[in-house]
Structures are given as C-alpha cells and as structure tokens.
Protein chains: 2
Amino acid sequence: MTVRVLLADDEHLIRGALAALLALEDDLVVVAEAATGPEALAMARAHRPDVAVLDLQMPGADGVTVATSIRDELPSCRTMIVTSHGRPGHLKRALAAGVRGFLPKTVSAQRLAELIRTVHAGNRYVDPELAAEAIAAGDSPLTAREAEVLECAADGAPVAEIARRTSLSPGTVRNYLSSAAAKLGAENRHTAVRLARSKGWV
Amino acid sequence: MTVRVLLADDEHLIRGALAALLALEDDLVVVAEAATGPEALAMARAHRPDVAVLDLQMPGADGVTVATSIRDELPSCRTMIVTSHGRPGHLKRALAAGVRGFLPKTVSAQRLAELIRTVHAGNRYVDPELAAEAIAAGDSPLTAREAEVLECAADGAPVAEIARRTSLSPGTVRNYLSSAAAKLGAENRHTAVRLARSKGWV
DNA sequence: CGGTCCCGCTGACAAATGTCATGAGGGGGG
DNA sequence: CCCCCCTCATGACATTTGTCAGCGGGACCG
C-alpha cells in the first residue's frame with residue numbers, strides 16, 4: 001500500500017532533493033510537485049494525493065491557506081506543514097485549518113518520511129518545541145481591531161494613512177495603537193509590531 | 001578526480017537531502033556538513049574541502065562571514081553562497097569576500113552540481129537575476145554613519161536610545177536619520193529601514 | 001436588566017520626531 | 001590651496017505620536 005504525496009515548496013533545490021529522498025522509501029510516491037500556493041491547490045485537485053506536504057511560505061498563498069482550501073475540497077487528503085521559521089501563531093492557525101502535521105525543516109528526511117506515514121494513518125504530529133513555544137506564547141491579547149491597525153502600521157505608515165486604510169478616525173487609530181502597545185509591553189508601535197510578528201499574532 | 005564538498009545549512013532537511021543528491025554525482029563527495037556558521041568554519045578547518053557551499057542565513061555567523069574566514073585561512077578552498085532571499089547588497093558583500101558562486105535556492109540540484117564543478121574549476125557564477133537586481137539597486141547612497149544610525153533604528157528604538165548606543169548627540173542622530181530617509185525617499189525612519197533592508201544596505 | 005467588554009469618536013496635553021539653518025573641524029581630490 | 005563632503009553639534013520650529021479621560025452605542029452573559 002503506497003502513500004501518494006504532494007510536495008509544495010518554492011525552492012526547487014529543496015523540493016527536488018526531497019522528492020528524490022522520499023522516492024527511496026518503498027511505500028511513498030511523490031505524485032506531484034508545486035512551487036506556489038495556487039499551483040499546489042491545482043495539483044491537489046488534479047492528482048488527489050493522500051498527503052500534501054506544504055511549505056509555510058510560498059508565493060501566491062501560504063501553506064495554511066492552501067491547507068484550508070484542500071480540506072474544503074478534498075477532505076480525504078491529509079495536510080502537513082513544513083517550515084523554517086515556526087511562529088507560535090502559525091501553528092494555531094494551521095491546526096484550525098485541519099493540518100495534521102507541523103514540523104520545522106530541521107528534521108531529517110528519514111523523520112519526515114516516518115511522519116508522512118503517521119499523518120496518513122490519521123494521527124497528528126506537532127513538533128514538541130514548536131508546541132511548547134505556542135503554549136508559552138499563549139493567545140493573542142489583541143482585539144480584532146488592534147491587530148488590524150497594528151498590521152497596517154507594520155510598514156511604517158503614519159497614523160493618517162492607517163486611518164484612511166481602515167476607515168477609522170485618526171484619534172481612534174492612535175488609541176488602538178496605544179492600547180496594543182501597552183498589552184504587548186512595547187514602548188512604541190514599531191516595537192509592538194516586531195513583538196506581535198515574532199509571536200505570529202499579525 | 002573528485003571534488004570534496006562542505007555543505008553548510010541550518011535546515012537538516014535540506015542539508016541531508018542535498019548531500020544525498022550530490023552523492024549521486026560520481027565526481028562529487030560531501031566530506032562534511034554543518035548547521036551553524038562557527039561549525040561550518042570548524043568543519044572547513046578539519047576537512048579542508050575543495051568547495052564550501054554555504055547558506056546565507058545561519059545561526060552564529062552568516063555565510064558571507066564564514067566565506068571571509070575561509071578565504072583567510074584556507075585560500076585553496078572555493079566558496080559559494082546559496083540563499084532563499086537574495087538581496088542586492090548581499091551579493092556585493094559576498095563578492096568582496098571572495099565568494100565565487102552566488103545562487104538562489106530555486107535552482108535544481110542538477111544545476112547546483114554543475115556549478116560546484118564550475119566554481120571548482122576556478123570560474124565564477126552569479127545568478128543572472130540576482131546580478132541584474134544588484135546592478136539596478138546600485139550602491140548604497142548612505143554614508144557610514146547614516147547606515148549605522150539606521151541600523152540602530154531598525155528595532156524601533158527611540159532617538160535617545162540610538163544616541164546612547166552610538167555615542168552621538170540626540171540632535172545629530174535625528175539629523176542623520178532625516179538625511180538617510182531623504183536619500184532613500186522615505187517619509188520616516190521606519191520605512192527608510194524597510195527600504196534599506198530590502199536592498200541589503202543595512 | 002445590569003455589568004462588562006469591544007467599538008468608535010472627541011479633545012487636550014506631553015513627548016518624540018522630522019526639518020531646517022548654521023557652524024566648526026577634518027580629510028581627500030582637483 | 002581651495003572646495004566639497006562627511007562628521008558632529010546646537011537651537012528653533014512644525015508635525016507626528018503617545019497618553020489619558022470621557023462619552024455613546026451595541027453585543028453578550030448571568
């Protein structure tokens with residue numbers, strides 16, 4: 001009984017190498033590869049794999065978004081996320097999207113093969129370290145608006161610009177920015193953005 | 001005649017997969033692997049490879065730093081950089097460090113193997129797209145101080161903090177920040193930081 | 001139904017930041 | 001040698017932020 005695998009990663013070097021290594025396993029067969037989010041989705045539709053191994057950061061649409069679409073369209077396809085920079089918030093989003101495996105790229109190929117089987121068998125696996133981080137980081141203390149405003153502030157836009165983009169009054173924007181910074185223990189909006197980013201809350 | 005290769009990348013998954021693929025080439029042999037900058041240097045000293053393939057971003061010390069050390073200590077060892085996010089400035093720094101190959105991770109393993117041979121033969125290779133970007137981006141218009149101050153501002157530190165760290169007067173810091181932002185066409189220090197980052201000038 | 005929380009706004013004040021003019025000193029190049 | 005640019009500084013000013021208090025409305029919950 002072979003497991004049909006979809007491999008999505010924007011780095012050809014990694015994708016190709018991975019495909020080659022997984023091909024060495026008798027019970028795994030890579031039926032499709034993709035370099036972008038939309039491509040991954042298209043490949044999934046076309047080849048209906050048993051397990052989709054998705055990179056978190058891809059052009060077009062990120063791994064979690066693709067996983068959500070796959071769950072809706074191909075419920076029988078299990079998804080797992082592989083990532084270099086695992087932020088606590090991403091893990092939470094991924095689990096909400098029905099992802100059954102979440103691991104860093106620091107694992108070995110051998111281990112990845114094992115975990116593909118684990119996931120295919122219907123079990124879940126989350127890297128213990130990433131799980132610990134996620135638990136330690138806890139839930140975002142930010143309200144929806146606070147997060148939205150903070151996100152707009154991420155590229156250094158002035159308050160007026162943020163107010164325009166969010167259709168809010170400039171005063172309101174400043175208030176949200178202020179309360180968000182206070183909740184995060186930051187002394188200004190920019191360090192607040194960095195903090196929120198590091199925890200995957202934006 | 002075989003080429004002895006050192007492989008440095010912090011992602012075990014990629015490193016292992018790459019090692020496996022390169023092993024398929026008759027004339028290439030991976031004599032050492034490393035997951036961090038310092039480790040890469042230690043491995044280079046211990047195994048004296050012909051070619052060192054270095055990831056740009058590694059814990060401890062980045063690929064260019066390692067390349068510089070290798071050039072000083074092991075002049076016979078050629079170095080090449082492989083990276084996911086190639087910023088124009090990095091390429092410039094890399095060439096200054098005597099790096100002979102610079103390519104994105106989107107290349108295929110097959111191509112990487114070819115290029116290892118190219119570099120080993122004493123030739124250079126720079127990814128055309130990255131080269132074009134580097135030329136388009138041009139040199140940094142920032143003076144040494146401007147860059148230094150901008151870098152300190154990168155984490156959202158207030159002027160007073162930057163002044164302390166650089167041992168400058170707060171007024172001077174603001175002047176540098178202002179002129180740097182003007183040169184980069186940014187409307188405030190934070191967008192200036194982002195711009196400079198995107199071009200690899202900080 | 002009252003309490004609590006988020007939303008959205010206003011106004012006012014303090015603090016940080018951006019901008020400009022100005023000046024002294026030093027190094028490099030024409 | 002003179003000019004230009006970088007360095008470092010000061011002072012003054014406008015603008016942008018951060019902070020705080022307060023108000024009305026709506027949603028949810030006990």
Side-chain angles (χ1 to χ4, degrees), chain A residues 89 92-93 96 137-202, chain B residues 89 92-93 96 137-202:
Chain A
K92 206 154 299 190
R93 272 209 309 143
D139 278 329
S140 169
L142 304 176
T143 68
R145 287 291 177 213
E146 283 165 355
E148 185 189 355
V149 169
L150 205 54
E151 194 152 17
C152 287
D155 54 356
V159 170
E161 167 77 9
I162 302 174
R164 229 181 21 76
R165 274 196 265 177
T166 53
S167 305
L168 288 176
S169 137
T172 306
V173 169
R174 281 191 291 163
N175 286 342
Y176 281 144
L177 244 22
S178 185
S179 69
K183 283 179 181 175
L184 298 175
E187 32 181 51
N188 61 44
R189 70 168 83 174
H190 303 285
T191 65
V193 166
R194 287 199 318 119
L195 263 170
R197 275 264 166 79
S198 76
K199 305 215 170 189
W201 290 338
V202 292
Chain B
K92 206 153 298 188
R93 273 208 309 143
D139 279 330
S140 169
L142 304 176
T143 68
R145 287 292 176 213
E146 284 165 354
E148 186 189 354
V149 168
L150 204 54
E151 193 151 19
C152 287
D155 53 355
V159 171
E161 167 77 8
I162 302 174
R164 229 180 22 74
R165 276 196 262 178
T166 53
S167 304
L168 288 175
S169 136
T172 306
V173 169
R174 278 191 294 167
N175 285 342
Y176 282 145
L177 245 21
S178 186
S179 70
K183 282 178 180 176
L184 297 176
E187 34 181 45
N188 60 43
R189 71 169 83 174
H190 303 286
T191 66
V193 165
R194 285 201 321 118
L195 263 171
R197 274 267 166 77
S198 77
K199 305 215 170 187
W201 289 337
V202 292

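Protein chains get the first letters and strands the later ones, always in sequence-line order, with residue 1 at the start of each.
Between the Asn188(B) side chain and the Ala157(A) main chain, no donor and acceptor come within less than 3.5 Å of each other. The closest donor-acceptor contact from the side chain of Glu146(A) to the backbone of Thr143(A) lies under 3.5 Å. Side-chain N or O atoms of Lys183(B) include one that pairs as donor or acceptor with a backbone N or O of Pro141(B) at under 3.5 Å.
What separates CG of Leu168(B) from C1' of dC6(D) is a distance of 13 Å, to the nearest Å. Rounded to an integer number of Å, the gap from CD of Glu146(B) to C1' of dT7(D) is 10 Å. The CD atom of Glu187(A) sits 14 Å away from the C1' atom of dT19(D) (whole-angstrom rounding). Taking atom CZ of Arg145(B) as the reference point, atom C1' of dA9(D) lies 13 Å away to the nearest angstrom. Between Glu148(A) atom CD and dC7(C) atom C1' the separation is 12 Å, expressed in whole Å. Rounded to whole Å, atom P of dC7(C) lies 11 Å from atom CG of Leu142(A). For Arg174(B) and dT10(D), the CZ to C1' distance is 10 Å, given to the nearest whole Å. Atom P of nucleotide dT17(D) and atom NE2 of His190(B) are separated by 9 Å, given to the nearest angstrom.
Taking for each of Asn188(B) and Pro170(A) the nucleotide of DNA chain C with the nearest heavy atom, the 5'-most of the two is the partner of Pro170(A). Where Gly171(A) and Lys183(B) meet DNA chain D, the nucleotide closest to each residue was compared, and Lys183(B) sits on the side nearer the 5' end.
Closest to the side chain of Leu177(A), from the set dG18(C), dG8(C), dG18(D), is dG18(D). The nucleotide whose nearest atom lies closest to any side-chain atom of Arg189(A) is, among dG18(D), dA9(D), dT19(C), dG18(D). Considering only the side chain of Thr143(A), dC7(C) comes nearest among dC7(C), dT7(D), dG18(D). Checking dG18(C), dT19(D), dT7(D) against the side-chain heavy atoms of Tyr176(B) singles out dT7(D) as nearest.
To the nearest 0.5 Å, the span separating CD1 on Ile162(B) from CZ on Arg174(B) amounts to 11.5 Å.
Residues Val149(A) and Arg165(A) fail the side-chain proximity criterion, which asks for heavy atoms closer than 4.5 Å. Proximity of Val193(A) to Val202(A): side-chain heavy atoms (C-beta onward) are nowhere separated by under 4.5 Å. Between Leu184(A) and Trp201(A) the shortest side-chain heavy-atom distance falls below 4.5 Å. Within the 4.5 Å cutoff, the side chain of Lys199(A) has no heavy atoms near those of the Ser140(A) side chain.
Of the residues in residues 151-167 of chain A, those lying under 4.0 Å from DNA chain D by heavy-atom distance are Pro158(A), Val159(A).
If you check the side chains of Glu148(A) and Thr166(A), you find no donor sitting under 3.5 Å from an acceptor.
Direction change of the helix axis from one end of the helix from dC1(C)-dG30(D) to dG30(C)-dC1(D) to the other is 40°, with five pairs defining each end axis (rounded to 10°).
Distances shorter than 4.0 Å separate none of the side-chain N or O atoms of Ser169(B) from OP1 or OP2 on dC8(D).
No donor-acceptor contact under 3.5 Å links the side chain of Asn175(B) to the base of dT22(C).
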Salt bridge (charged side-chain N to carboxylate O under 4.0 Å, His left out) evaluation trace for Arg197(A) with Asp155(B): CA-CA 12 Å; Arg197(A) 275 264 166 79; Asp155(B) 53 355; over 6 Å; no
